[in-house]
Amino acid sequence: MIRFNRAMCVALWLATCAWPILAAEAVVLELEPPVTRRLLSEGAKLAKHAFKPLDLWRAAGRYCQAARLGSTEAQYQLGMLYAFGEGVPENRALAAALFSLAGRQGHYEAQAMLETVHLVSSKLPACMTVEGRLPEKPRGYGLSAGNLLDLEKTIRRLPAGKKWIVKLVRTMSPWYQVDARLALSIISIESNFEPKARSAKNAMGLMQLIPGTADRFNVKDAFNATQNIRGGLAYLRWLLARYEGNVALVAAGYNAGEGAVDRYRGVPPYPETQQYVKKVLRLYRRTEHPFDPKYAE
């Protein structure tokens with residue numbers, strides 16, 4: 001039976017060795033041959049700025065190449081990606097095998113992770129055992145036709161008394177350089193087009209603005225549809241600039257807050273947020289959105 005306490009691992013990772021190559025890059029790289037030094041450095045940079053969908057997967061590729069060449073640091077870093085499903089599908093057995101391999105060669109952090117994982121495995125990722133093989137891409141946010149939700153059908157089924165909301169959104173969205181489809185997808189999930197909706201967490205109105213977000217974007221009455229949409233569009237515009245048009249990260253930030261997205265360097269591992277992101281992507285049907293970087297300031 002696999003016993004894996006995610007909270008303990010995250011705490012250990014962040015407290016003692018979160019991306020140690022970033023914290024002490026010069027010390028770590030000093031001990032590496034030129035080839036693995038370059039791969040580790042490239043992987044670390046990709047991981048540090050992982051705000052594009054495949055950056056962490058590309059980092060995993062660099063780490064896997066270095067791990068094949070015998071770098072214990074790369075084996076450890078790749079193990080962390082597999083342990084938490086960052087950039088590659090979550091696979092605790094592969095993570096344990098990588099920690100074990102690095103730990104036997106004296107890598108302290110890998111040994112510590114083995115004590116937390118409580119799993120013995122010797123199966124290494126195919127990218128380490130098959131020459132030229134790349135790591136698997138992560139699962140979860142595909143847009144296969146079978147998983148698509150129909151935003152147009154939702155809009156067509158709205159009662160006559162709510163059709164004005166769609167027109168208002170389509171009128172206002174261009175002012176904020178936000179695709180109306182994205183805003184309507186958010187509204188559909190957040191409030192089901194109910195202007196007076198209020199959540200248990202005091203999120204208000206069509207776009208379910210919490211008091212802090214309403215204040216931040218100068219919304220005086222969150223139950224006023226025009227003000228609420230204006231505030232929600234301004235927030236989406238800011239998130240799009242911050243995450244360079246990555247719709248998954250924008251949706252995650254809208255649901256869980258940008259602090260959580262930054263802390264986890266991607267979609268946070270909260271079931272509610274992960275389901276929310278999937279719904280947004282299935283309704284919006286795009287993974288990228290144009291953005292203006294000046295609004296990230």
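Between atom CH2 of residue W238 and atom OH of residue Y243 there is a gap of 6.0 Å, rounded to the nearest 0.5 Å. Atoms CG and CG, on N91 and L94 in that order, are 3.5 Å from each other to the nearest 0.5 Å. In this structure, the separation between CD on Q65 and OG on S71 is 12.0 Å, given to the nearest 0.5 Å. With values rounded to the nearest 0.5 angstrom, C64 atom SG is found 6.0 Å from M128 atom CE. Here CG of L283 is found 9.0 Å from CD of E152. Values are rounded to the nearest 0.5 Å. In this structure, CD in Q77 is found 7.0 Å from NE2 in H107, a value given to the nearest 0.5 Å.
Judged purely by atom type and a 3.5 angstrom limit, S188 has no side-chain atom pairing as donor or acceptor with the backbone of L184. Listed for the Q227 side chain is a donor-acceptor partner under 3.5 Å among the backbone atoms of K220. Under the 3.5 Å distance criterion, the side-chain polar atoms of D55 are left unmatched by any main-chain donor or acceptor of L46. A side-chain donor-acceptor contact under 3.5 Å links Q208 to the backbone of G205. In this structure a side-chain-to-backbone donor-acceptor pair under 3.5 Å is missing from E32 to L39. Put simply, the side chain of K123 never gets that close to the backbone of A97: no donor and acceptor are under 3.5 Å apart. In terms of modelled atom types and a separation under 3.5 Å, the side chain of T273 and the main chain of P269 share no donor-acceptor contact.
In this structure the side chain of Y276 reaches within 4.5 angstrom of the side chain of E190, judged on heavy atoms. You'll find the side chain of E73 reaches within 4.5 Å of the side chain of Y76, heavy atoms only. Looking at Y295 and L240, their side chains never come closer than 4.5 Å, going by heavy atoms from C-beta outward. Side-chain atoms of I187 and F193, non-hydrogen and from C-beta on, do get closer than 4.5 Å to each other. By the 4.5 Å heavy-atom criterion applied to side chains, L182 and H289 are counted as neighbours. You'll find the side chain of E272 reaches within 4.5 Å of the side chain of N255, heavy atoms only. The shortest distance between side-chain heavy atoms of L236 and Y176 does not fall below 4.5 Å. In this structure the side chain of Y63 reaches within 4.5 angstrom of the side chain of L40, judged on heavy atoms.
When all heavy atoms of I165 and P195 are compared, the pair lying nearest together is CD1-CG, 4.0 Å. For the residue pair I186 and V280, the shortest heavy atom distance occurs at CD1-CG2, 4.0 Å. Looking at every heavy atom in both residues, V267 comes nearest to A248 through CG2-O, 4.2 Å. L209 approaches T213 most closely through the heavy-atom pair CD2-CG2, 4.2 Å. L101 and Q105 make their closest contact through O-NE2, 3.0 Å (heavy atoms, listed as atom of the first residue, atom of the second, distance). Taking every heavy atom of both residues into account, N228 and A222 meet most closely at ND2-O, 2.7 Å.
One hydrophobic cluster, built from ILVMFWY side chains closer than 4.5 Å, cannot hold both L69 and L134; they sit in different ones. Residues F217 and V169 fall within the same hydrophobic cluster, defined by Ile, Leu, Val, Met, Phe, Trp and Tyr side chains chained together at heavy-atom separations under 4.5 Å. Taken together through direct or relayed side-chain contacts under 4.5 Å among Ile, Leu, Val, Met, Phe, Trp and Tyr, I155 and I189 form part of one hydrophobic cluster. Cluster annotation: L158 and L206 are assigned to the same hydrophobic cluster (Ile/Leu/Val/Met/Phe/Trp/Tyr, side-chain heavy-atom contacts under 4.5 Å, transitive). M207 and M204 fall into different hydrophobic clusters, where Ile, Leu, Val, Met, Phe, Trp and Tyr are joined by side-chain heavy atoms under 4.5 Å apart, directly or via other members.
Legend: salt bridge (charged side-chain N to carboxylate O under 4.0 Å, His left out) pairs involving residues 162-172, not counting sequence neighbours, sorted by first then second residue: K162-E194. Each salt bridge (charged side-chain N to carboxylate O under 4.0 Å, His left out) pair with one or both residues in residues 202-219, not counting sequence neighbours, appears once here: R216-E258.
Between R38 and E42 there is a salt bridge, since at least one side-chain N of the basic residue sits less than 4.0 Å from a carboxylate O of the acidic one. Salt-bridge formation is not detected for the pair R286/E288: no Lys NZ or Arg NE/NH1/NH2 atom is positioned less than 4.0 Å from an Asp or Glu carboxylate oxygen.
For Y254, the ring-ring contact (aromatic ring centres under 6.0 Å, His included) criterion is met by Y235, not counting sequence neighbours.
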**Report entry** Pair R68-T36, side chain to side chain contact (heavy atoms under 4.5 Å, CB included): steps then yes or no
**Finding:** CA-CA 10 Å; R68 281 195 73 200; T36 55; over 6 Å; no
Query - Audit row: D262, R242, side chain to side chain contact (heavy atoms under 4.5 Å, CB included) steps and yes/no - result: CA-CA 10 Å; D262 295 347; R242 183 177 182 87; 2.3 Å; yes
**Report entry** side chain to side chain donor-acceptor pair (under 3.5 Å) evaluation trace for R37 with S41
**Finding:** CA-CA 6 Å; R37 185 185 309 164; S41 181; over 6 Å; no
Requested in this report: Dump the intermediate steps for side chain to side chain contact (heavy atoms under 4.5 Å, CB included) on L124 and L98, then the final yes or no.
Outcome: CA-CA 7 Å; L124 293 170; L98 287 160; 4.1 Å; yes
Query - M172/T226 under side chain to side chain contact (heavy atoms under 4.5 Å, CB included): CA gap, chis, key distance, verdict - result: CA-CA 9 Å; M172 295 178 66; T226 302; 4.2 Å; yes
Query raised in the report: Given the rule in the ring pair (Phe, Tyr, Trp, His ring centres under 6.0 Å) test, do Y82 and F99 qualify, once you have shown the distances and angles that lead to the verdict?
Result: CA-CA 10 Å; Y82 275 110; F99 294 147; over 10 Å; no
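Of the N and O atoms on the side chains of Y284 and D179, at least one donor lies less than 3.5 Å from an acceptor on the other residue. In the model, R181 has no side-chain atom that pairs as donor or acceptor with a side-chain atom of S185 under 3.5 Å.
Other residues, nucleotides and ligands contribute at most 12 non-hydrogen atoms within 6.0 Å of the CZ atom of R157. Heavy-atom neighbours of Y108 OH from other residues, nucleotides or ligands within 6.0 Å: at or below the threshold of 12.
Exactly one residue among V178, L239, V277, V261 makes a side-chain contact (heavy atoms from CB on, under 4.5 Å) with V250. That residue is L239.
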